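One structure below.
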Protein chains: 2
Amino acid sequence: MDSLINDPFKVAFDSLEEFADVISEVLQCPVTIEDVNHRLLAYSTHDERTDPARISTIIGRRVPEKVINQLWKEGTIPELLRTQQPIRVKNIDEIGLGNRVAISIWKQDVVLGFIWALEIDKTLSEKEFILLKKAADAVKNKLLQLQTRKNNKEERFQEFFWKLLTGHMNIKEEIIEHFHSLQITPSPTFAILVFKFQGNITNQEEQQISYLLKTNQRLKIMLYTIDCDQLIVLVSAMNIENPIQELSHFVEAFRWKLKDRFGIQEITPVFSSIYEDYQKIRKAYNETLTVLSIKEKFPQETKHIYHYQKLGMFQLLHFLLEKRREEDYVNQSLHFLRVYDQKHNSNLVETLEAYLNNDNNINDTAKELNIHANTLNYRLKRIAEIGDINLKDPNQKMMLFLDLKIEKFQSR
Amino acid sequence: MDSLINDPFKVAFDSLEEFADVISEVLQCPVTIEDVNHRLLAYSTHDERTDPARISTIIGRRVPEKVINQLWKEGTIPELLRTQQPIRVKNIDEIGLGNRVAISIWKQDVVLGFIWALEIDKTLSEKEFILLKKAADAVKNKLLQLQTRKNNKEERFQEFFWKLLTGHMNIKEEIIEHFHSLQITPSPTFAILVFKFQGNITNQEEQQISYLLKTNQRLKIMLYTIDCDQLIVLVSAMNIENPIQELSHFVEAFRWKLKDRFGIQEITPVFSSIYEDYQKIRKAYNETLTVLSIKEKFPQETKHIYHYQKLGMFQLLHFLLEKRREEDYVNQSLHFLRVYDQKHNSNLVETLEAYLNNDNNINDTAKELNIHANTLNYRLKRIAEIGDINLKDPNQKMMLFLDLKIEKFQSR
DNA sequence: GAACCTTTTGTGAAAATCACCAAAAGGTTC
DNA sequence: GAACCTTTTGGTGATTTTCACAAAAGGTTC
């Protein structure tokens with residue numbers, strides 16, 4: 001009996017729900033157990049008192065994203081990930097969060113989940129804090145079991161996803177069936193999303209990415225995997241009015257969170273077009289790879305481009321370069337300008353490119369080149385003469401623009 | 001002796017030169033014999049009196065182009081090609097042409113050449129006109145022989161040219177050697193020039209073309225041939241400051257002459273880039289064919305384009321279409337605009353295309369579409385919204401322009 | 001037909017462009 | 001170094017373009 005008082009959790013229990021009730025009884029307050037991604041694993045039922053945040057969590061079987069965001073902002077979650085001690089959280093009315101105490105569940109140096117105890121009418125004492133610590137210790141093996149089972153499932157996910165990405169599964173029915181067997185509902189429309197990291201993704205980063213993806217509630221993520229320095233995600237694009245904008249927001253938010261919460265910087269996010277046909281996953285993936293390779297060659301020009309469709313003519317560069325090569329074409333106008341530049345130490349080509357980049361805007365271009373607007377005008381006139389170019393002809397300008405970019409593409 | 005007075009030209013003569021002297025002696029004035037293309041065949045030497053036009057003709061071994069042009073303008077040559085009678089030409093001081101009489105040399109209903117008799121101090125009498133007619137009759141067989149010999153040579157030209165055009169002769173030394181064996185000096189730079197006629201080129205038209213090409217002195221024509229409705233010309237681009245401009249002028253002048261002199265209309269002239277390497281004749285020829293096929297599909301847009309290099313992005317269309325096809329790409333922006341157009345009976349796509357065609361010029365576009373400039377502005381705003389397009393981004397605009405043209409290209 | 005939305009047109013002020021001119025700076029040629 | 005050419009910069013004013021706003025017109029929905 002003494003040992004039970006010292007550690008009331010040294011009992012056998014079948015399910016996590018049962019265990020949540022045990023904790024609840026010992027501490028005399030409602031209890032919730034979450035995994036490390038804030039998915040609800042179990043909650044006590046003996047105590048009816050609760051707060052809106054807990055209700056939402058139970059209803060949605062996960063902690064609402066705004067609550068997670070808030071807990072990150074004011075430091076609770078970072079603290080939980082740092083220490084094994086219980087943490088007290090003051091109520092935050094805006095998100096319906098009452099006073100509560102939380103503790104993280106550790107297995108060696110990895111956090112497996114959290115236990116939350118609501119302080120509805122009472123405040124937990126120092127002694128009860130120690131009990132909570134013991135509870136966290138007692139539950140860790142149970143969580144680990146769940147984890148392992150999930151890992152197996154995870155592996156099956158991985159295999160399936162890679163088959164899709166590489167186009168090794170291209171019978172429609174087979175794909176759908178596989179989705180269902182993995183208990184995923186394939187959304188009617190999807191996109192592939194890739195985040196390219198600075199270097200290979202470490203295990204720790206993997207955890208953090210996984211955490212962010214699992215806690216995100218903005219977009220439904222069907223599958224994801226990690227490949228060297230890339231995080232590849234299959235995301236649903238359904239039920240959204242403007243999917244592209246939504247995806248843009250998502251990647252921005254994701255990048256921001258990685259930086260803000262985990263200090264991971266210099267992420268390059270990209271995403272494919274939106275498709276309905278799951279046989280096109282490979283194509284979508286290739287699109288993202290194209291975007292990445294273009295962004296690598298034209299970091300400045302494509303700074304604000306994440307989306308394949310927004311690449312504009314950049315998506316053609318690779319292709320056009322090949323054509324140019326095979327027919328060893330020379331753009332005469334550019335050639336003349338180059339010769340002139342060489343001979344007179346001028347910058348007509350550079351000027352032309354800046355002008356074209358700036359959508360024919362004299363002022364912007366002059367500013368970018370740090371020259372007087374009239375100087376620019378003069379140069380443009382010379383360019384037209386020397387290169388025999390009609391700068392009012394969109395056709396010619398387009399060709400020049402393309403040829404300039406093709407050459408850059410080639411030389412990089 | 002009587003017969004000699006009746007027809008003093010019924011004598012055997014070895015060369016045309018000899019015969020020219022005979023005529024000169026009979027008529028007592030300087031005589032020149034030309035072929036139908038105004039190339040000098042022979043001239044009398046017994047009489048020293050002459051005029052500047054004749055001197056130029058003898059020096060250059062052909063009638064100067066400005067003289068020919070003048071003789072066309074005031075009707076002499078058309079008349080010579082019509083009648084077998086001698087024609088009197090009054091002196092034309094601007095081109096150094098003194099008074100003279102001309103007659104055409106006929107073989108059945110084909111003109112083989114001309115005889116010119118200068119009226120330096122005397123005026124030819126009616127009797128001498130009859131003599132001239134007899135001279136023309138006497139010389140025709142000699143000319144025919146030359147013609148035939150030339151035809152054989154012509155055939156060798158043809159064969160050689162076609163080998164070059166089709167890339168069946170691609171050893172540099174061999175090509176040069178062939179040129180020399182045909183007594184052509186290959187110019188260091190060249191271009192291929194093609195005129196496409198309305199229908200297949202008739203024999204008569206062939207004569208007329210040949211005439212125009214041979215009398216042209218602006219550009220040196222190395223080889224030419226006729227293929228169904230195409231006249232294909234290998235032209236020198238040397239010794240000209242601005243060859244492309246020169247070529248443009250030439251084709252314009254050629255077209256104008258065909259129309260003005262022979263009533264041949266609706267000629268489409270095109271020409272290739274300028275090359276130095278004669279192994280590239282085939283490539284140059286293919287360029288012209290590309291220009292022709294594009295001009296057929298986009299007659300309006302390419303109205304003023306004759307030159308491959310001036311095709312701008314049109315030269316890529318064929319190529320891009322293939323790419324688009326193989327990856328069944330859909331431009332989302334255009335798709336949204338099309339859907340909107342369909343649903344609301346609007347013309348956003350058409351508006352966008354006009355705007356892009358007009359180099360982003362609001363006024364010009366509005367005029368073309370017969371709408372108010374503000375209406376256009378409003379539509380553009382809507383286009384940006386609906387198609388999720390940034391109309392300040394040259395990249396996106398370029399892609400839209402290309403995709404629009406690709407679609408047009410495809411549907412034609 | 002009222003209420004509502006989209007589209008077109010008109011107006012005027014602000015901004016940008018363009019065609020000039022002129023001065024100055026930099027380079028090349030003889 | 002003088003003469004010459006090209007390039008840069010500045011300024012001016014006419015012209016065009018852009019933009020915001022308002023009114024009118026046309027359609028759709030209830």
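In the text below, chain A, chain B and the rest are named by the order of the sequence lines, each starting its count at 1. Worth saying up front: this structure is predicted, and the values here are computed from it rather than measured.
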[X] [atom1] to [N] [atom2]: how many Å, rounded?
| X | N | atom1 | atom2 | value |
| --- | --- | --- | --- | --- |
| B/Lys367 | D/dT16 | NZ | C1' | 11 Å |
| A/Asn345 | D/dT7 | CG | C1' | 13 Å |
| A/Asp341 | D/dT6 | CG | C1' | 14 Å |
| A/Leu348 | D/dT6 | CG | P | 13 Å |
| A/Leu380 | D/dT7 | CG | P | 13 Å |
| B/Asn377 | C/dT7 | CG | C1' | 14 Å |
| B/Ile362 | C/dT17 | CD1 | P | 13 Å |
| B/Asp364 | C/dT17 | CG | C1' | 14 Å |

*Would you say D/dT6 has OP1 or OP2 under 4.0 Å from some side-chain N or O of A/Arg382?*
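A/Arg382 to D/dT6 OP1/OP2: no side-chain N or O under 4.0 Å.
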*asked:* Once you apply a heavy-atom cut-off of 4.0 Å, does A/Lys392 come out as touching a base, just sugar-phosphate, or nothing?
replied: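 Sugar-phosphate contact only - A/Lys392 comes under 4.0 Å of backbone atoms but never of a base.
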_Taking any heavy-atom pair under 4.0 Å as a contact, classify A/Asn363: base, sugar-phosphate, or nothing._
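The residue A/Asn363 makes sugar-phosphate contact but no base contact.
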*A/Arg218 with A/Glu246: basic N within carboxylate O range, under 4.0 Å*: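 So A/Arg218 pairs with A/Glu246 through a salt bridge.
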*Secondary-structure stems, DNA chain C, at least 3 Watson-Crick or G-U base pairs under 3.5 Å*: C:1-30 with D:1-30
*Closest nucleotide of DNA chain C for B/His344 versus for A/Asn361: which of these residues is on the 5' side?*
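Its nearest nucleotide lies further toward 5', so the answer is B/His344.
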Distance-only side-chain donor-acceptor flag, [X] / [Y], under 3.5 Å:
| X | Y | value |
| --- | --- | --- |
| A/Asp364 | A/Asn358 | no |
| B/Arg379 | B/Tyr355 | no |
| A/Lys392 | A/Asn360 | no |
| A/Tyr275 | A/Glu287 | yes |

Give every pair of a protein N or O atom and an N or O atom of nucleotides 8-15 of chain C that lie under 3.5 Å apart, one pair per line with the distance.
unit_1 : atom_1 : unit_2   : atom_2 : d
C/dT8  : OP1    : B/Arg379 : NH2    : 2.9
C/dT8  : OP2    : B/Arg379 : NE     : 3.2
C/dT9  : OP2    : B/His372 : N      : 3.3
C/dT9  : OP2    : B/Thr375 : OG1    : 2.8
C/dG10 : N7     : B/Asn374 : ND2    : 3.1
C/dG10 : O6     : B/Asn374 : ND2    : 2.6
C/dT11 : O4     : B/Asn374 : ND2    : 2.6

*Name the one of A/Lys405, A/Glu368, A/Glu301 that satisfies side chain to side chain donor-acceptor pair (under 3.5 Å) with A/Asn357?*
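Of the listed options, the one satisfying the test is A/Lys405.
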*On the 0 to 90° scale, with breaks at 30° and 60°, tag the B/His318-B/Phe409 ring pair as parallel, tilted or perpendicular.*
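It falls in the perpendicular class, over 60°.
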*Is it true that atom CD of B/Glu252 has more than 12 heavy atoms of other residues, nucleotides or ligands lying nearer than 6.0 Å?*
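Yes, the 6.0 Å shell around CD holds more than 12 heavy atoms from other groups.
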*asked:* Using a 3.5 Å distance criterion without hydrogens, assess whether the side chain of B/His307 forms a donor-acceptor pair with backbone atoms of B/Val270.
replied: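 Judged by distance alone, no pair lies under 3.5 Å.
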